[in-house]
Amino acid sequence: MSKRGRANLATTLNKEEQLKIDKDGLDVLADIHRYAQEGFAAIDPGDFIRFKWYGIYQQKPKTDPYFMMRVKIPGGMLNYEQAVTVAQLANDFGRGLADVTTRQAIQYHWLQIEHMPEIFDRLAKVGMSPIQACGDVVRNVISSPVAGLDAQELFDVRDLVLQVEQLFLSNKEFSNLPRKFKISIAADPRDLGHPEINDLALVPALLGDEAGYHVLVGGGLSAKPFLAKNLGIFLRQEEALDVIKAVVTIFRDHGYREKRSHARVKFLMADWGPEKFLEHVEAVTGKTYTRGGVRQTTEWNGAYLYGVHPQKQAGLNFVGLSLPVGRISGDILLELARLAKKYGNGDLRTTNTQNIIIPNVADENVEALLAEPLLQTFTAKPNTFIGHAVSCTGNEFCNLALVETKERMKSIANYLDETFPNFDTPIRLHVNGCPNSCGQQQIADIGLAGALVRIDGKMQDAFDISIGGGLGADAKFNRKVVLKVKGDEVQFAIEAIVRYYEQNREAGESFRSFANRVEDDAVKAAVAAAQQARA
Ligand code: HEM
Ligand code: SF4
């Protein structure tokens with residue numbers, strides 16, 4: 001088999017494929033150092049795309065000399081020195097902003113090319129890097145944010161998460177994939193690692209009393225979302241690294257390179273199916289894997305872990321805190337690090353719900369931690385709606401965005417919390433600023449997808465509203481029910497949907513079950529009636 005995807009290069013290539021052949025994404029490092037000396041104006045247009053291999057994206061507008069940068073945090077595991085460095089870099093170079101992302105990473109804004117070498121150096125000193133946080137490579141490996149701490153997990157996956165990160169990091173064998181590749185590894189039965197929306201996910205399984213994995217391949221969101229499919233094997237823990245490498249190899253060599261919108265491994269899986277995919281895996285590794293095993297999965301809770309939870313280590317607890325829509329400042333992160341050191345062991349965990357966890361808090365320290373001033377704002381017991389609100393970057397910084405998202409989501413969630421105080425059931429709200437789905441709107445109870453409408457000759461923010469998504473055993477994407485609601489009216493439309501749920505649910509029925517039971521027309525009618533009443 002030819003290396004690095006050359007197998008299918010005979011077909012028409014898209015622009016990015018040609019750029020990668022001309023110069024590998026990883027080879028742009030020397031140029032970044034040169035541009036840091038020469039300045040923004042010297043940057044070759046093709047290198048803007050290659051910058052992604054070092055986690056660097058152009059910020060909006062592209063003509064301005066500012067960049068976003070994503071820094072990887074494998075499994076969301078940050079130690080004290082790392083958290084302090086991440087926070088100080090935000091303050092020194094990123095106007096104080098640090099966004100926790102939907103894949104446990106941190107995203108900076110406002111960086112300038114001149115500062116990149118120092119940012120790389122300071123991250124490297126604490127064992128961190130932005131390398132391959134973006135680009136056509138294996139991205140940040142995500143996990144359960146409480147891996148190694150949680151009494152419910154079958155076993156500890158942290159070593160494997162770090163081994164996978166090391167295997168692919170700056171590895172030229174895998175630096176030219178057809179598209180990005182997202183991996184989730186967790187042995188948690190609540191599916192805290194959002195397995196079905198990753199390109200490759202390992203989830204916990206049992207064969208008799210042996211604990212290992214099931215392997216899911218081909219999930220992903222964007223405009224055409226797919227749920228990952230189970231290859232049907234019981235993977236022993238010691239076999240995991242080889243199989244992960246094989247799946248990425250297959251994607252590299254057989255993935256589609258003609259159209260960027262048809263390049264993720266989900267399209268290969270859709271054509272091949274899991275049986276053929278498994279044949280290829282076994283051909284690459286030269287092994288035959290045991291069939292069967294039983295996936296271990298309990299109710300999916302959306303990966304929300306607020307409050308105080310006893311760890312499997314006796315006498316210790318992890319404390320889940322809310323960071324509304326993932327936006328914090330360097331100063332807040334510094335304070336979180338200080339509290340983690342004072343009350344825990346200095347570690348922090350970022351979550352894929354854009355929140356944070358302070359682990360390893362001794363029983364006797366819990367009360368004092370909860371009484372800290374910072375925790376009165378970034379609380380362990382957030383209001384229902386703001387505590388379950390996720391947002392992509394949106395048009396504040398993203399060149400692809402149609403609409404603003406983070407402030408919009410905060411105001412919608414705060415409005416709902418005022419309207420339905422102490423609402424008894426979590427309703428997960430996600431918003432995307434365009435169809436790319438960085439805010440994962442398809443897995444939301446109520447998802448918002450940004451669109452534009454022309455009103456009185458002017459384009460204005462609007463949102464399509466979808467309901468009923470979720471992962472876990474009954475994984476399913478939500479479905480669009482109400483189209484193009486004006487931005488400043490969307491909170492009223494959601495209020496009508498929540499009220500309709502409140503008045504018509506069965507005892508104990510979750511929003512997700514309700515949404516999948518009721519007819520679209522009934523939901524549309526509830527929204528229309530509320531709109532008329534306001535007119
Ligand atoms: C400049 C533009 C973009 C920005 C600012 C942006 C931002 C983000 C961020 C912050 C995340 C969380 C990622 C992480 O932690 O690793 C993310 C994830 C994601 N992005 Fe983007 N992104 C951009 C472009 C795109 C494009 C072009 C696509 C698709 C064509 C896309 C699709 C996604 C998807 C599907 C996720 C994933 C959620 C998941 O799998 O869990 N993004 N993006
Ligand atoms: S969903 Fe669209 S608008 Fe939001 S960050 Fe991703 S690419 Fe940008």
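Atoms within each ligand, like the ligands themselves, are counted from 1 in listed order.
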- [ ] Compute whether any side-chain donor of one residue and acceptor of the other, for Tyr66 and Gln112, lie under 3.5 angstrom apart.
- [x] no
Task: Mode of Pro435 contact toward ligand 2 - side chain, backbone, both, neither (heavy atoms, under 4.0 Å) - done: neither
Task: Proximal atoms of ligand 2 relative to Ala401 (non-hydrogen, under 4.0 Å) - done: 3 (S)
Task: Side-chain H-bond candidate by donor/acceptor type, Ser437 with Gln442, under 3.5 Å - done: yes
Task: Cys438 near atom 6 (Fe) of ligand 2: N/O/S under 2.8 Å - done: yes
TODO: Check if Ser437 has a non-hydrogen atom at a distance under 4.0 Å from any atom of ligand 2.
DONE: yes
Open item on the list: If the cut-off is 2.8 Å, does any N/O/S atom of Cys398 fall short of it from atom 8 (Fe) of ligand 2?
Closed with: yes
- [ ] Compute both the distance and the angle, then confirm whether Arg428 meets the cation-pi test with Phe385: under 6.0 Å from the six-membered ring centre, within 45 degrees of the axis.
- [x] no
TODO: Identify the residue among Asp136, Leu177, Val247 that makes a side chain to side chain contact (heavy atoms under 4.5 Å, CB included) with Arg252.
DONE: Leu177
Task: Side chain Arg257, main chain Ala263, donor-acceptor under 3.5 Å - done: no
- [ ] Examine all N, O or S atoms of Cys434, backbone included, and report whether one is under 2.8 Å from atom 4 (Fe) of ligand 2.
- [x] no
